[in-house]
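Report on the following structure.
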Amino acid sequence: MGIKGLRQAVAAHMREGHVKEIAGKTVVCDGHAWLHKAAFGCAFDIAMGKPTDKYIEYCMHLVNMLKFYGVTPIIVLDGRSLPGKARVNSERNARRESQRALGMELLRRGDRSGALKCLQQSIHVTAEMAHAFHARLQSEKVTCIVSPYEADAQMSYMVRKGMAQAVISEDSDMVPFGVDMILYKMDTSGSCCIFENKPLGEGNKKSMDVSKLSGDARIHMCILAGCDYLQSIPGIGIQKAYGLIREHGDGKKAIEALRKHPKMKEKVPDGYEDAFERAEKLFKHQWVYDMEERKLVNMTQVPED
DNA sequence: AGCTAGTACTCAG
DNA sequence: GTACTAGCT
């Protein structure tokens, strides 16, 4: 999904690190992100329809590297995409198609390196690629979960249920979903950037400190800043949203304050309060798969009333 | 200072 | 999905 500017905004919580720091722990990994990166390495073969398993070897290298450092990986693969993402998905498809056409044209003209760049932009992870990876993981006895919808929600649910202690991802949504340890930008040697949700020291007074926010407040901040479920009020990004939540405590009170603000009140759209509530519900109650109960459940339980 | 929108990019020797 | 940045408020 993605919250604009969030990764940059939580930079003070991040540091250079290595997977060996979580030796002995279990980590949930975003398999789709791995496949997408891996596909770049064999973009030519994939675009030409030539059978290859190079991308699987790349992903398995990551799996084996984690095991080498004593980390137990669980791979999560994407299920269906949410209906609300149809527009952004079709935009991406159109871009991929045009890049593919351009790549083939450059190839006919003999511009092999130019063609490769375009063909790399045309790559997307197909269901067949995901299936092939899934089958390989099963044959190697690596736990693999297919999430009903978005992988982010599934991964954070598994951490909250105690099945894992960290997440390997490229996605900023792990922060509002409340994951306390996130490994970003992991390379084939295990180096990575590590996000930790813990109080910042005295030297970071001016930085955003997400450990100062409750779980709900973190989600409220991200909705205010603009997410897939709700566009932000014009002029409000991640920094303003953080300031508002810190000042007023929660989203509802922050919007009340904006409604009274002389310069901001005309920018708050009609019905924003209701849209905000809907977004919060969509955020919190996404469908995920529960491995113990072997059924779909809401990521956080829907209240009775 | 912070928000927006546009461009460029994810492999690996 | 990401990072970076010029230009605007």
Side-chain angles (χ1 to χ4, degrees), chain A residues 1-11 14 29-47 52-62 65 76-78 81-82 84-85 87-89 91-93 95-96 98-99 102-103 113-125 129-130 147 149-155 167-177 182-193 195 206-208 221-222 224-228 231-244 246 258 261 263-264 266-267:
Chain A
M1 186 158 71
I3 311 297
K4 289 161 284 178
L6 181 58
R7 284 270 293 273
Q8 197 86 316
V10 298
M14 300 229 236
C29 310
D30 183 345
H32 189 271
W34 285 4
L35 282 168
H36 203 190
K37 276 203 279 189
F40 263 70
C42 42
F44 233 102
D45 292 340
I46 291 170
T52 178
D53 62 354
K54 250 173 84 181
Y55 64 92
I56 293 182
E57 294 309 322
Y58 172 83
C59 292
M60 292 312 296
H61 173 86
L62 296 180
M65 181 272 293
V76 170
L77 291 169
D78 271 308
S81 66
L82 293 167
K85 298 186 85 174
R87 192 179 58 82
V88 64
N89 281 336
E91 277 170 12
R92 283 178 184 169
N93 271 329
R95 183 183 143 74
R96 280 195 288 262
S98 70
Q99 289 293 313
L102 185 56
S113 70
L116 180 59
K117 276 192 174 173
C118 293
L119 293 176
Q120 283 179 328
Q121 302 302 310
S122 81
I123 291 302
H124 79 289
V125 177
M129 290 166 68
S147 62
Y149 290 98
E150 300 218 320
D152 329 343
Q154 181 71 40
M155 293 192 290
V167 162
I168 297 175
S169 173
E170 300 302 327
D171 195 330
S172 62
D173 282 352
M174 288 304 125
V175 174
F177 281 145
I182 311 161
L183 279 56
Y184 290 113
K185 299 175 186 293
M186 186 183 74
D187 66 18
T188 48
S189 68
S191 295
C192 55
C193 287
F195 166 96
K206 286 177 186 164
S207 306
M208 178 187 294
M221 172 182 77
C222 290
L224 277 179
C227 62
D228 272 10
Q231 269 203 315
S232 71
I233 297 165
I236 300 213
I238 194 70
Q239 300 293 344
K240 293 261 174 67
Y242 176 69
L244 284 165
R246 286 285 288 155
L258 288 170
H261 192 283
K263 284 208 168 65
M264 288 304 294
E266 66 235 39
K267 292 186 178 174

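Every chain is numbered from 1 and lettered A, B, ... according to where its sequence line falls, protein lines coming before strand lines.
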**Item:** S172(A) side-chain proximity, nearest of dC9(B), dT2(C), dC11(B)
**Value:** dT2(C)
**Request:** Counting heavy atoms from C-beta on, name the nucleotide in dC3(B), dA12(B), dA3(C) closest to the side chain of Y58(A).
**Result:** dA12(B)
**Prompt:** Which nucleotide in the set dC9(B), dG2(B), dC11(B) lies at the smallest distance from any side-chain heavy atom of Q239(A)?
**Reply:** dG2(B)
**Item:** Whole-Å gap separating C1' (dA12(B)) and OH (Y55(A))
**Value:** 19 Å
**Fill in**
By nearest-nucleotide position on DNA chain B, the 5'-leaning member of I236(A) and C42(A) is I236(A)
**Prompt:** For R92(A) and Q8(A), take the nucleotide of DNA chain C holding the closest heavy atom to each; which residue's nucleotide lies nearer the 5' end?
**Reply:** R92(A)
**Asked** What is the distance from atom CZ of F177(A) to atom OG of S172(A), rounded to the nearest 0.5 Å?
**Response** 10.0 Å
**Request:** Kindly point out which of dT2(C), dG2(B), dT10(B) is positioned nearest to the side chain of H36(A)?
**Result:** dT10(B)
**Message:** Counting neighbours of CD on Q8(A) that are heavy atoms of other residues, nucleotides or ligands and sit closer than 6.0 Å, is the number greater than 12?
**Reply:** no
**Request:** Select base, sugar-phosphate, or nothing to describe what T188(A) touches, counting heavy atoms under 4.0 Å on all strands.
**Result:** sugar-phosphate
**Asked** Which nucleotide in the list dC9(B), dA12(B), dC11(B) gets nearest to the side chain of F40(A)?
**Response** dC11(B)
**Item:** Between dG1(C) (P) and E91(A) (CD): distance, integer Å
**Value:** 13 Å
**Request:** Would you mind reading off the distance between K117(A) atom NZ and dC9(B) atom P, rounded to a whole angstrom?
**Result:** 6 Å
**Complete:** note: K240(A), atom NZ; dC3(B), atom P; distance rounded to Å ~ 5 Å
**Prompt:** Over how many whole Å does the gap from L244(A) atom CG to dC3(B) atom C1' extend?
**Reply:** 14 Å
**Item:** Protein-nucleotide distance (L116(A), atom CG; dC11(B), atom P), rounded to Å
**Value:** 13 Å
**Item:** Along DNA chain C (nearest heavy atom to each residue), the more 5'-positioned of K267(A) and K185(A)
**Value:** K185(A)
**Complete:** Side-chain atoms of S232(A) come closest, of dT4(B), dG1(C), dC11(B), to dT4(B)
**Request:** Spell out yes or no: do the side chain of R7(A) and the base of dG1(C) have one donor N/O and one acceptor N/O closer than 3.5 Å?
**Result:** no
**Asked** Do R7(A) and F195(A) come close enough that some side-chain heavy atom pair is under 4.5 Å?
**Response** no
**Request:** Please say which of Q99(A), R96(A), R95(A) ends up in a side-chain hydrogen bond (donor to acceptor under 3.5 Å, both in side chains) with Q121(A).
**Result:** R95(A)
**Prompt:** Do I168(A) and D30(A) come within less than 4.5 Å of each other through their side chains, counting heavy atoms only?
**Reply:** no
**Complete:** Closest of dT2(C), dC3(B), dC11(B) to the I238(A) side chain is dC3(B)
**Value in whole Å for how far the C1' atom of dC3(B) lies from OH of Y242(A)** = 19 Å
**Item:** Atom-to-atom span, NE2 of H124(A) to C1' of dC9(B) - whole angstrom
**Value:** 18 Å
